[in-house]
Amino acid sequence: MKLYCLSGHPTLPCNILKFKSTTIMLDCGLDMTSALNFLPLPLVQSPRLCNLPGWSLKDGNAFLDKELKECSGHVFVDSVPEFCLPETELIDLSTVDVILISNYHCMMALPYITEHTGFTGTVYATEPTVQIGRLLMEELVNFIERVPKAQSASLWKNKDIQRLLPSPLKDAVEVSTWRRCYTMQEVNSALSKIQLVGYSQKIELFGVVQVTPLSSGYALGSSNWIIQSHYEKVSYVSGSSLLTTHPQPMDQASLKNSDVLVLTGLTQIPTANPDGMVGEFCSNLALTIRNGGNVLVPCYPSGVIYDLLECLYQYIDSAGLSSVPFYFISPVANSSLEFSQIFAEWLCHNKQSKVYLPEPPFPHAELIQTNKLKHYPSIHGDFSNDFRQPCVVFTGHPSLRFGDVVHFMELWGKSSLNTVIFTEPDFSYLEALAPYQPLAMKCIYCPIDTRLNFIQVSKLLKEVQPLHVVCPEQYTQPPPAQSHRMDLMIDCQPPPMSYRRAEVLALPFKRRYEKIEIMPELADSLVPMEIKPGISLATVSAVLHTKDNKHVLQPPPRPAQPASGKKRKRMSDDVPDCKVLKPLLSGSIPVEQFVQSLEKHGFSDIKVEDTAKGHIVLLQEAETLIQIEEDSTHIICDNDEMLRVRLRDLVLKFLQKF
Amino acid sequence: MDSLVLGNHCWLPDCLLQPLLTLREQTLGLGTQADRKLPAPTPGHLQQNQPLPVFPNPLCQSRGSTDAECQRNENPGLIMDPECSRLLPAFCSVLVDPRQAVADDTCLEKLLDWFKTVTEAGSSLLLLQENPCLVDLLSHVLDLKPQDVSPRVLSFSLRLAGMFAAQEDCFEYLQQGQLLLGLFGEAGPLSWAVWSVPTVRSGWIQGLKSLAQHPGGLHFLGDSGAVDALFSLQGDSSLFVASAASQLLVHVLALSMQDKAEGSPSLKGSAWPACAQKIVAHVEASLCSTTALQITQALNVLTTTFGRCHSPWTEVLWGQLSPLVAHLLDSEPVPATHSLVDLLLSVARSPVFASADCTLWETIARMLSCLSPMQTGPLALGTLKLQHCPQALRSQAFGVLLQPLACILRATAQAPGPPGLLDETTQGCSMTVDTLLSSKSACVGLLCQTLAHLEELQPLPQHPLPWPQTLLVEAVVIILRLCDGSAAPSSSEGCRLCGTLAGCIRVQRAALGFLGTLTLGTSSWELVPQVFAILLETLKSPASSPTVLKKAFQAVLHWLLDSPTPPGCSDLGPHTPLFLRELFPVLQKHLCSPCWEVRDSALEFLTHLSMCWGGEANFREVLLASDVPKLAWQLLRDPESYVRASAVTAMGQLSSQGLQAASDSPGHPEVQQGLVGELLHILSVDSEGFPRRAVTRVFTEWLRNSHADVVQDTEWFVATVLQMVSRDLDWEVRAQGLELVQVFLAQTLGQPNPSCPYAVALPKVTPPSPLPEVLRTLCQMQIFDFAFRALFDCDRPVAQKACDLLLFLRNKSAPCSGLQEAGDSSDVASVEATLERWQVGEQGQPLGSLEPEVVLAALRSMDLEGLQSRLAESSDHVEKSPQSLLQDVLATVALLEENVADCY
């Protein structure tokens, strides 16, 4: 069993598990932090960004000035943003049989895999994962395609040139593999390969492995996966949460008794308590609005935004903010808000029960009804007519490199009355803000990440007790910035096996058993003998038939024989081609007693040697050697058949026959 | 003044005597028996149909009752009056009737209390002779068949018998009939099946305890075998019984030694009375036992003994037993450590050991060094609290207390404290480190205990000197840093501590609590910046829980208000203005928190801070430059009532000191004028009591301090507030309204008298106006209307306050002879008629416009003093009367009988 690690990002995993004869890809997350190296794509012509000076080398060489621009003391690539794909060279991706998706954030690289690697398998995911994943992809494509950029920069990627560039471009990894965003056509094609599954549904893969999605409690339709054969069980835990937010709670019980537990997608901010962060979010939002400023919340169109809107729904009246407009701007805003209300079966119990009242499960429906929350596909069109300040705007993309958020950063950045509140933990907020400096607006960082923290992980591992834990290397040591926080790492026994990008792990357990079926007529013919209380044995002579990873023992073919019509009397009648049956032996030979027995029978000068597998009894005079091992005993003597038979009989006295 | 004694059994406390002696004859009666049975109104319960008699009671007069009778009636709980004597036989026969169960044993408990007061006041023997049914009750209980014995009644009887037998003559009287031996002897309840009920065992012990007051009782105990029974009861499954048995043993020991020890303090143990020897021998045997339970029992007996008895014989006892106690420390593990600590401290506190008793100090020192840090904490604290204790031991104990903090400092590689201190604590430090690192719960428990002990020790006069202020502040700061994850220790122990304590709210709270008290004493101002820094971080951190924030606010207050300033530095010190500038944005954030507890704590903090520093220029400047006043103003409309109440208090305080939001603030340009209006709005419409109470308190303060908004038109202000308050459903609001009137009257009419609680030096805003004019104004303001209504308020405190107020007005108007006779008699009669109707709950009818003369006449005709004294009685005085209790028991039985009849 092997694990191929194609992504180094712990929360955007992409791993391949080779298990029995199947090749299973676990998630295909897309690392979009590479976009931070690019200049933002403004929706409206920005004189500031247009007139940035080109960057030149220290010696004044300016051949890169078309590709690289200097902005606020940093150097950015002036091109369409590109993303860092999972490894494509480590394993032939066309051999992947299935892809299991755990949540909508972990499928953003799917079109790159399904459309460009010769992949011919099936993708499994839950319905909300697919629908919301589609929205995220649609939004991403829309953000990038609506601001076409003629230029594509590639010179800087040359290894010799990259060395000369300032950080962080100098340190960017695998830049040659960075790719532009996919198209809507590719998205549609990739999504068409997905087969929808429900929680606890058992999916047979080639009759050899069964995979099952379990609720992971992190997002709508988010799953952990169980991959099991008859005798082995692998659990894949990715993006799980034990907090009570909107999704169905995490199913922990089904993870018990795993041989291997692959653990990814823990919280990116282990020291931040989501409750405290939501409080911080609300307080800062209210403070800004009361001072007459606007609040900008760069966010994804689904996920935490539902919880934030719910908190605000409860909070705005108490804070006297009822009259402040909330705007949600995304090409998929409408679909996201509506989808969330129809996935009742994927919601927590509390929200599910509302559906039967009937009431919309999320209170944002009421916010929309009362005109407190308005949503628009973009800043163009209706929005510009309705726009009223001070206001709160939720819009993407959290990287601040594309999407409507770029416009608001340019618009509001100069006033200290305004505030940008970062709630998504995926991007470093300081790096995201780099091309907007100097910035007068206030910046608040309150990342809300509901995924498991290390305390919860340690409780979970105690509860489910896997034999082995496999996780990204980042989880096996404290975060670099807090090297003394020994509590911010996975602590379990045996210590977890860690992986990094482009590494292949041999998972530490061997297949020992295989399930074989016995045909009824063959089973009928067996005559078990009890050799110990509770243990019976029978010899089987049969033909092993293997097809579609299923093994069946069938009765051996009969030689052509005239049909007698007589009733079978003895087993041997049925197996006429068998030779005379020798008795089978069982038991073990106690060496000391055996030596005593030899001595009693006149052998002397006996020497016993221990070997790795058993013992060797040496009869020096007779120049004879008796090799006793766990499952065989050999008597080696030169042409003295009499002696051999004598010794054989002595050996047989210690064994049972049947 | 001495108590007034009526007959044999009447006893009256001084506080009740005064009003009684000054009462006029016609106002004495409390009403009929039926009236007395009615429960008095209690706050919060509307009982309109149960008036308190204010006017003369014709019934009491027409009977021609004597003073004495009326006085008896006034204090029914303290005497055996004829009515009780009449009820007693029936009551006793109910108790011994197996067919009639007494359902409510709280009645029995109350009756026992009553018997206790009765027996303490007079002769029990006389009581028994006058009420033979009581002796009958006791003997009947003994005659019952085992299955008919009710545990409750048996327990009651045992305790009652003990109470009677406390007096020697009565004891002998009861002994004559072998009654006591029957009840407490080995053939009595001890051997009955009902003994398995804990109530019975408890009653037996309590009865014996009451009985054991004289030598006769003591002999009885020795002869009846009760002491042996007590030994076994020490291990009773009921903790109450076990504890009572221990206490009784101590009582018996002390009693038996009472006379012996007086004359010869050096009396040897072998010459002690037999009973005492028996108990001591038992304790000795228990101390040598191998079971922890028995050792604990012995230690508990000794702890109580040394805690209660300070006669010289206890010193002899300690001399005899201390080797055994010290020997316990040789065991591994040391048994019953908690009890052992209690005993040693109890012995050390006993004045008998004031002179240095070396063995005791040695034992304590040994214990401090051999027990685990968690166990030694209480012993160390107790030792440090002792008045007389060798310096070396104090140092050792203090070292033990400081150990965990020293370990933390060492593990996090902080600079060591004062020279020598850490060296002293090195001993046993490895054990502390092991505890700290062993598990999260052990670490948290030890730190919380240590911090709490040091917090307790800090303000005591006997706290150790030198007090390592710098070390402690540094240790607390580093603990707080470990909790919020900002500490970055380099050692592996430090890293493990960091992992253990990160996010631990309990330790954070304990540390902040201690940090708050660390401002006391000789703190050095150099520490202030680092304390301010950690407090700011805690307040800023989104991870801080509401309770932690509250503690942090309290600590900030302490450090702001009490922190030392460098010599030569004026007012706030160099760090404070800077700190305040950073503090206010945080405060603003918390005022907007979605968590109401946080908003509430922030407002309380603001109130306290501005109360103390409202006059400081630096503070005013920073506050007014921030949005805090505006935010506090907005919180007057908060959905949470507690927050609204705190906002009212905060705004009231800010306004008193001219610190409202600047008038040009957006949204609320009329803040200055509007605050009174806003508060009146809250008072009139808020559905919750807390904000309305806060408003009335603020208004009272404003009036008292002559707030600018109030001074403009005080009469209008008071009248408007009263109009709203008089209809309020919350009694506290109404009571506060009366307080407002009191302040107003004090300002217009002058101070009531020097002994009045309102006699604080108030600025004389206006010289008192001529009385008739003032009274007329008061009438126009409808103050009398309000006060009269309040007088009949169903909530006692309101009525009490109104009564005080009207008395004050009557006294003030006494010299106003011009008004005295001018009242029109028909008007007065009409007012009195209305008031009488109000009294019986018909308050719908208005009083109409009043003339001062009429009001005065009505005031004079009322028995306000009588009412005042009746209101001063507790609200349940009627229910607690023994007659009522006896009647209750009988009534319950009657009811049960009816039910039985119904069944047929």
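Chain naming here is simple, since letters A, B, ... match the order of the sequence lines and numbering starts at 1 in each.
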Undergrad: Check each atom of B/Lys440 against the heavy atoms of chain A and say whether the ones under 4.5 Å are side chain, backbone, both or neither.
TA: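 The answer is neither part of B/Lys440.
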Undergrad: Just give me the residue among A/Asn284, A/Asp317, A/Leu488, A/Asp487 that pairs up with chain B most often, heavy atom to heavy atom, under 4.5 Å.
TA: A/Asp487
Undergrad: Return the CD to OG distance between A/Glu280 and B/Ser541, rounded to the nearest 0.5 Å.
TA: 8.0 Å
Undergrad: In Å and rounded to the nearest 0.5 Å, what is the CG to NZ distance from A/Asn291 to B/Lys630?
TA: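 Here the rounded value is 5.0 Å.
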Undergrad: Under 6.0 Å from the OH atom of A/Tyr313, do we count more than 12 heavy atoms belonging to anything else shown?
TA: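 It does not: A/Tyr313 OH has 12 such atoms or fewer within range.
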Undergrad: Is there side-chain contact between B/Pro542 and A/Tyr445, with heavy atoms separated by less than 4.5 Å?
TA: no
Undergrad: Quick one: side chain to side chain donor-acceptor pair (under 3.5 Å) partners of A/Thr419, sequence neighbours excluded?
TA: A/Thr288
Undergrad: Return the CG to CE distance between B/Leu497 and A/Met486, rounded to the nearest 0.5 Å.
TA: 12.5 Å
Undergrad: Around B/Arg620, counting heavy atoms of other residues, nucleotides and ligands shown, do more than 12 lie under 6.0 Å from its CZ?
TA: yes
Undergrad: Looking at A/His484 and B/Gly485, what are the two nearest heavy atoms and their distance?
TA: NE2-O, 3.7 Å
Undergrad: Start with the C-alpha distance between A/Arg290 and B/Leu631, add both sets of side-chain angles, then the distance that settles side-chain contact (heavy atoms from CB on, under 4.5 Å), and finish with yes or no.
TA: CA-CA 9 Å; A/Arg290 282 173 178 172; B/Leu631 291 170; 3.2 Å; yes
Undergrad: Should we count CG of A/Leu430 as having more than 12 external heavy atoms under 6.0 Å?
TA: yes
Undergrad: If we define contacts as heavy-atom pairs under 4.5 Å, which of B/Gly494, B/Pro585, B/Ser593 has the most with chain A?
TA: B/Ser593
Undergrad: Only one of B/Lys589, B/Gln588, B/His590 clears side chain to side chain contact (heavy atoms under 4.5 Å, CB included) with A/Ser283; which?
TA: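 Among the candidates, only B/Lys589 passes.
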Undergrad: Output the option from B/Ser545, B/Pro639, B/Pro594, B/Ala543 having the highest count of non-hydrogen pairs under 4.5 Å with chain A.
TA: B/Pro594
Undergrad: What distance do B/Cys595 atom SG and A/Tyr315 atom OH have between them, rounded to the nearest 0.5 Å?
TA: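 Rounded to the nearest 0.5 Å, the SG-OH separation comes to 11.0 Å.
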Undergrad: Under 3.5 Å, side-chain donor or acceptor atoms of residues 265-279 of chain A against the rest of the protein: list the pairs with distances, not counting sequence neighbours.
TA:
| residue | atom | partner | partner atom | Å |
| --- | --- | --- | --- | --- |
| A/Thr267 | OG1 | A/Ile269 | N | 3.2 |
| A/Gln268 | NE2 | A/Asp426 | OD1 | 2.6 |
| A/Asn273 | OD1 | A/Asp275 | N | 3.1 |

